[in-house]
Every structure is written in C-alpha cells, then in structure tokens.
Amino acid sequence: MMADFLTAQSEDFSKWYNEIVQKADLADYSPVRGCMVIKPYGYTLWERIRDELDRRFKETGHVNAYFPLFIPMSFLQKEAEHVEGFSPELAVVTHGGGEELEEPLVVRPTSETIIGHMYAKWIQSYRDLPVLINQWANVVRWELRTRLFLRTTEFLWQEGHTAHATETEAQEETLRMLDVYTDFAVNEAAIPVLPGRKSESEKFAGAVASYTIEAMMKDGKALQSGTSHFLGQNFAKAFDIKFLDEGNVQQYAWTTSWGVSTRMVGAVVMTHGDDQGLVLPPRLAPIQAVIVPIWRKDQERAAVLEAARALYQQLAPTVRVKLDDRDELSPGWKFNDWEMRGVPLRIEVGPRDVAQQTVMLARRDMPGREGKTSVAQAGLPQSVAEMLATVQQAIYQKALAFRESHIADVQTYDELKEAIQTGFARAWWAGGREDEARLKEETKATVRCIPMEQPGGSGPCVLTGKEAQEIAIFGRAY
RNA sequence: CGGGGCGUAGCGCAGUUUGGUAGCGCGCACGGUUCGGGUCCGUGAGGUCUAGGGUUCAAAUCCCUACGCCCCGACCA
C-alpha cells in the first residue's frame, strides 16, 4: 500500500526526508534561517541518543562539565589551522549591554580553544592527567546551506575533550571513543557504520588525525555520523597546556576531542525510514509500543478499553508504551499515524482478542499481515521485549545488507565513478590532497574514510596507479 | 555566493495569462454516524492575499523595489 501523504523515497529522497521530519513531529523550521525547533517527539529521540552515549562515556571514565558559549575571538586565532577552518562559519558578538565590546566574542563552533585555555590552568603535573571531560552543549556554525538535523546553524552535540601525558595514551583514547561511537551506532541506533581514518583533506581543522564513523543512507550517500580527533600537541602548544613529568621535565600534553551531534537523528531517519514514514530502532524509540484498541459497539468499547488499560499497566514498568484511546479516530487512521511516527511495535486489542485473551502484535519493520502475530495476554511484557529485540536486530541486518549490496570493490577509476552513483566504492588508495581535490571535482565523491579494517598487502591506487598500502571508501556525502 | 522554485486560512494548493464580492481540499469546533488498515453526513469558525511604493474608478491579479523561505550546487558535524 502506497502512502499518499508522503512522497515516496524512490521519487525524491530529499523531499521524503524533509516531509517526514516535519510530519512525524521531529522538528519544525524556526523564524531564524537555518535554525530548527526540535519538537518533543524529536527531542525525546535525542534524549535517548544522549542517555545511551552518556552512559558509555561514564563507563569509560569520563565526567561531564560545562564551558561557556562565548569564546574570545583571539582564542581561535591561536591555532592556525583551526582558525582557518572555522573562520568562515563563525557567528560573532560585537555588542553587549548597548556598547561595543573591546574584543569580539565568538559563539562557539566547537570548544577546543576555551577548553584548552582552562586545561592550561588546571594541568600542572603528570598527576593531574589524564583529564577526561565531556560536555553536552549547543554550537553554532554559520553554514551556507542547512537541512533539518543534518546541518543546522545551531545544533546540539556532545564534545569530549581529553588531555594525556603521552602520545600513545591520547591515541588510545581517540580510538577508544571511536569504538564507543561504533558500539552505540550498531547496538542502539541499529546503524551499520564503517569506522575509519579521515583523509588529509577531510580531517578536522587542527587535528593530527581524525577518525569517523561513516554510515550509508538509503539513497546511497554517506553521512559522517561521529568523529574522534587525535590533536597531538597542536592545541597544547597553542594554549600552553604543560605539565611536569615524573623526571621533573616540562612536557606538552597530548589532547583529543570527539563528538556526536543531533545529526544522528537524521542518520536514524535516513537509515531505516520507508515510504510509510519513520522506522525507529526499539532501543532509541520514544515510544516502543503503542496499544490501539478496536471496537464496534458500546459494550465492546468498554470491555476493550478495560483490557487495553490493563495491558498498559502490565507493560508500563518495562516498556515505553502508549495507549492510544482517542475516541474520534478510527483504528486504520491510528495504524497509519503510528507507523509514520516509526513506533516499532503496535499492539492491537479488539473484541476477538478480549474473548480469546490475546493481542495482535504488528511489527513496524514488516508491513501488513506478514508482520502480525497473535500472542497471549499472559506474559505480554516478555513477548513484547522479545519482539522489540527481534525488530532491533532485523532492522540492523536489513541496513547492513543494504549497505553491503551498495558497496562495490573497484579497480578502475571508471568503475569507481559508476559505483558512487548508487553507493560506495572501495578501492586501493594512495592519493594526496591534490588527488582528492581532483576526485571531488570530477566525481563529486570524496574519500569517506580509510577503514580500520584493512585487507593487508598492496595494490595500485584507483586514481593514480601508484602502489597503495591501504584501501579507502569513496562516496558522495551529505 | 551561483542556478531554480515559491510567498493567498493552521497545512497543501487554485485563482494572476485577460484587474471587478477571496475559493477548494485537508485539518480545526459542534452534532450524529462509524471503528480488525487513513468512516460517512450535516453545521460552523477561520484571510491586513510577504512587505513597501506606483498605475487605476477598482489590484491577490499590472509595474517597481525590498524581504523571506524551500530545492539543486560550492562550504561543512
């Protein structure tokens, strides 16, 4: 059954995305260009993302803190590449309290600089290290072109900033957080991601090395869904983050930073969504199961509602469940509505179910009759939990299968060009900055990442023909 | 910043060519009906037609100017 209230993905994926984000009440446009209002349903989804990430940060020894929104302009200028990278997209405050400020304040685009400044004060000894701090914050980047969740002028994210005594330790931290992101993406968001290193021209402004988790959206385009940066001593030198080591020698600290943003919401939407609307992974879904009561006559209504309420009470302690007892809407309407909103599981309760002490479970990821099973009301929390776990696994496998069938191993530049029309290309790569620029110019594709998992050996670079030690993933990106 | 599209009821749109009482669908409110895949009927509320200026007896409609938004591209989490 085709939805006529939503543009089909195959017709115009971009239009589908814009429509579903608004129709499912995730977000709305604001009066300020490029900014969005995150509506309660979308914000709850973000809260789920936030909670699961935050739990993992705590488990790996990090603590939260909060640094200011405003950063003195001069701070950004202390790291040459950093200022060069971010200058074009800064929002700058020049006036306050009716007077022109002595020094303009930048609305943070990211917080390496102000945190670096503070770390310089806090770190004196190797005994003060490591510093493992994360903050949940909003940041502002004056992007030329914005899209809800994928690229907004203001967005929410977390940024972890750590300082370490040794290079090795900082590198380990960088990769540890990449693992945390991968684990989150796979196990919570059900998004298969390719963890890897960013190429020279794609890395973070001021980083020695950047790592990323790259996801493939349903239109075959890549979405950078999280990044972890090894900053070396670049920021330590710019902000004078020094400590005395065990041998009483002054050393610069080694720092990292890593972030995941509200863009992750867009990743969830574009990884799992279909022509009926959102498909949310059970572990992140604001509502995991919705109970839809069905009746014909008044006496049925009373019995069905009573049963539905009892089921709600039974499920509420362990499942994020909602009872849709709205009187004025037909069951069919509700089915479509909750499917559009991506609720993973629907629990239908009608007169037949009341009589038989059963309910009908309908999976969001399997449309129509195929996804429906009748189960006993007794032990429903268990059945629902199992079904939610099944759906979580199923949508991950589906997304993984989609990605794998849209990655092509290619040997030639022509094959690469063809592959990136529908997905990713994987090939030997030994190109530099200029080769990447040429690639982008000619194909609109970029090196998405150099995957952590490498086949070993060597082969001819897909673009330059030079002997290459590594394979890279190529694709068009958001 | 380049290219394209659009600003008319909460939303989606028609009306603009050829100036003459501002409409349709959905939604919303009320009453009834219906309910296992977007029920049906009736009644009703809701508009400085993006803004400013001009032409005209008369402007949503013609002319000028400004602003805003969306899409595609360049830049980017």
Side-chain angles (χ1 to χ4, degrees), chain A residues 1-7 12-15 17-19 22-23 28-35 85-90 109-110 138-159 181 198 201-205 210 212-215 222-229 257-267 276-277 292-298 300-301 304-305 324-340 346 348-354 358-360 362 367-369 371-372 374 440-441 444 446 476-478:
Chain A
M1 182 179 50
M2 286 296 295
D4 55 359
F5 46 83
L6 187 62
T7 298
D12 186 340
F13 191 80
S14 185
K15 196 172 175 195
Y17 178 83
N18 286 323
E19 285 179 6
Q22 289 176 87
K23 289 188 175 182
D28 200 355
Y29 292 104
S30 84
V32 180
R33 189 199 75 90
C35 295
F86 282 103
S87 281
E89 51 191 65
L90 294 178
T110 179
N138 57 340
V139 287
V140 167
R141 298 181 187 179
W142 216 262
E143 302 288 354
L144 297 175
R145 191 169 158 236
T146 57
R147 301 194 62 190
L148 294 174
F149 289 111
L150 302 179
R151 191 178 300 100
T152 45
T153 301
E154 178 190 11
F155 58 95
L156 306 183
W157 75 346
Q158 57 72 212
E159 44 180 329
Y181 288 159
K198 277 287 172 193
S201 53
E202 293 277 318
K203 75 178 188 192
F204 178 73
S210 285
T212 174
I213 49 171
E214 291 288 322
L223 187 71
Q224 180 174 309
S225 307
T227 48
S228 185
H229 312 293
S257 67
W258 27 275
V260 159
S261 73
T262 35
R263 170 179 275 189
M264 185 58 82
V265 173
Q276 308 305 319
V292 179
I294 298 159
W295 62 79
R296 270 181 213 280
K297 302 163 197 142
D298 267 357
E300 286 177 348
R301 180 179 187 274
V304 163
L305 272 181
D324 187 355
D325 57 2
R326 288 177 291 179
D327 210 1
E328 69 279 12
L329 298 174
S330 70
W333 197 96
K334 291 177 183 176
F335 293 173
N336 284 287
D337 193 48
W338 292 113
E339 279 171 8
M340 183 189 74
R346 182 178 64 244
E348 302 174 15
V349 191
R352 291 204 295 270
D353 303 294
V354 173
T358 59
V359 296
M360 194 64 87
R369 210 162 271 284
K372 290 197 185 188
S374 182
K440 189 169 184 181
E441 174 72 25
K444 290 179 181 168
T446 49
R476 296 164 302 145
Y478 273 94

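A, B, ... follow the sequence lines: proteins, then strands. Residue 1 opens every chain. This one's a predicted model, so the numbers in the text were calculated from it and none came from an experiment.
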Scan Leu150(A) against the nucleic acid and name what it touches under 4.0 Å (heavy atoms): base, sugar-phosphate only, or nothing. base

Answer with base, sugar-phosphate or nothing: what part of the nucleic acid does Gly259(A) contact at a heavy-atom distance below 4.0 Å? nothing

Are Tyr17(A) and Tyr478(A) close enough that their ring centres sit under 6.0 Å apart? no

Within the structure shown, what part of the strands sits under 4.0 Å from Thr152(A) by heavy-atom distance: base, sugar-phosphate, or nothing? base

Mind checking if Thr110(A) touches a base, just sugar-phosphate, or nothing, with heavy atoms under 4.0 Å? nothing

Sugar-phosphate, base or nothing in reach of Ser261(A), heavy atoms under 4.0 Å: base

Expected rows: protein N/O vs nucleotides 39-43 of chain B N/O, under 3.5 Å:
residue, atom, partner, partner atom, Å
rU39(B), OP1, Ser330(A), OG, 3.3
rU39(B), OP2, Ser330(A), OG, 2.1

Residues in side-chain hydrogen bond (donor to acceptor under 3.5 Å, both in side chains) with Arg296(A), at least two apart? none

Which nucleotide wins on minimum distance to the side chain of Leu144(A), given the candidates rG36(B), rC75(B), rC76(B)? rC75(B)

Listed by chain and number, what are the salt bridge (charged side-chain N to carboxylate O under 4.0 Å, His left out) partners of Lys372(A), not counting sequence neighbours? Glu348(A)

With a 3.5 Å distance limit and no angle check, can you tell me whether Tyr181(A) reaches the backbone of Gly259(A) through a side-chain donor-acceptor pair? yes

Could I get the full list of side-chain hydrogen bond (donor to acceptor under 3.5 Å, both in side chains) partners for Ser210(A), not counting sequence neighbours? His229(A)

Take the protein atom NE2 of His229(A) and the nucleotide atom C1' of rA77(B), then report the distance between them rounded to whole Å. 8 Å

State whether Arg296(A) places a side-chain N or O below 4.0 Å from either non-bridging phosphate oxygen (OP1 or OP2) of rC35(B). yes

Just checking Asn18(A): base, sugar-phosphate only, or nothing, at a heavy-atom cut-off of under 4.0 Å? sugar-phosphate

So Lys440(A), base contact, sugar-phosphate only, or nothing? Heavy-atom distance under 4.0 Å. sugar-phosphate

Under the salt bridge (charged side-chain N to carboxylate O under 4.0 Å, His left out) test, residues paired with Arg352(A) that sit two or more places apart: none

Start at the 5' end of RNA chain B and walk down; is the nucleotide closest to Glu154(A) or to Lys444(A) reached first? Lys444(A)

Those residues that, when tested against Asp327(A), pass salt bridge (charged side-chain N to carboxylate O under 4.0 Å, His left out) (two or more places apart): Arg301(A)

Does any donor-acceptor pair link the side chain of Arg369(A) with the base of rG36(B) at a separation under 3.5 Å? no

I'd like to know if the side chain of Gln158(A) and the backbone of Val260(A) have a donor-acceptor N/O pair within less than 3.5 Å. yes

Can you check the Phe204(A) CZ to rC76(B) P distance for me, whole Å? 13 Å

Output all residues satisfying side-chain hydrogen bond (donor to acceptor under 3.5 Å, both in side chains) with Arg141(A), sequence neighbours left out; order by chain, then residue number. none

Base, sugar-phosphate, or nothing for Arg301(A), non-hydrogen atoms under 4.0 angstrom? nothing

Looking at rA77(B) and Trp157(A): do their rings stack (centroid distance under 5.5 Å, interplanar angle under 30°)? no

For Arg326(A), answer base if it contacts any base atom (sugar-phosphate contacts may also be present), sugar-phosphate if it contacts only those atoms, and nothing otherwise; contact means non-hydrogen atoms under 4.0 Å. nothing

Taking side-chain hydrogen bond (donor to acceptor under 3.5 Å, both in side chains) as the test, write out the residues that go with Glu300(A), two or more places apart. none

Need one value for Glu143(A): base, sugar-phosphate or nothing, where a base atom within 4.0 Å counts as base even if backbone is also close, heavy atoms only. base

What nitrogen or oxygen pairs link the protein and nucleotides 66-68 of chain B at under 3.5 Å?
none

Report the residue (Arg263(A) or Tyr29(A)) whose heavy-atom-nearest nucleotide on RNA chain B is the more 5′ of the two. Tyr29(A)

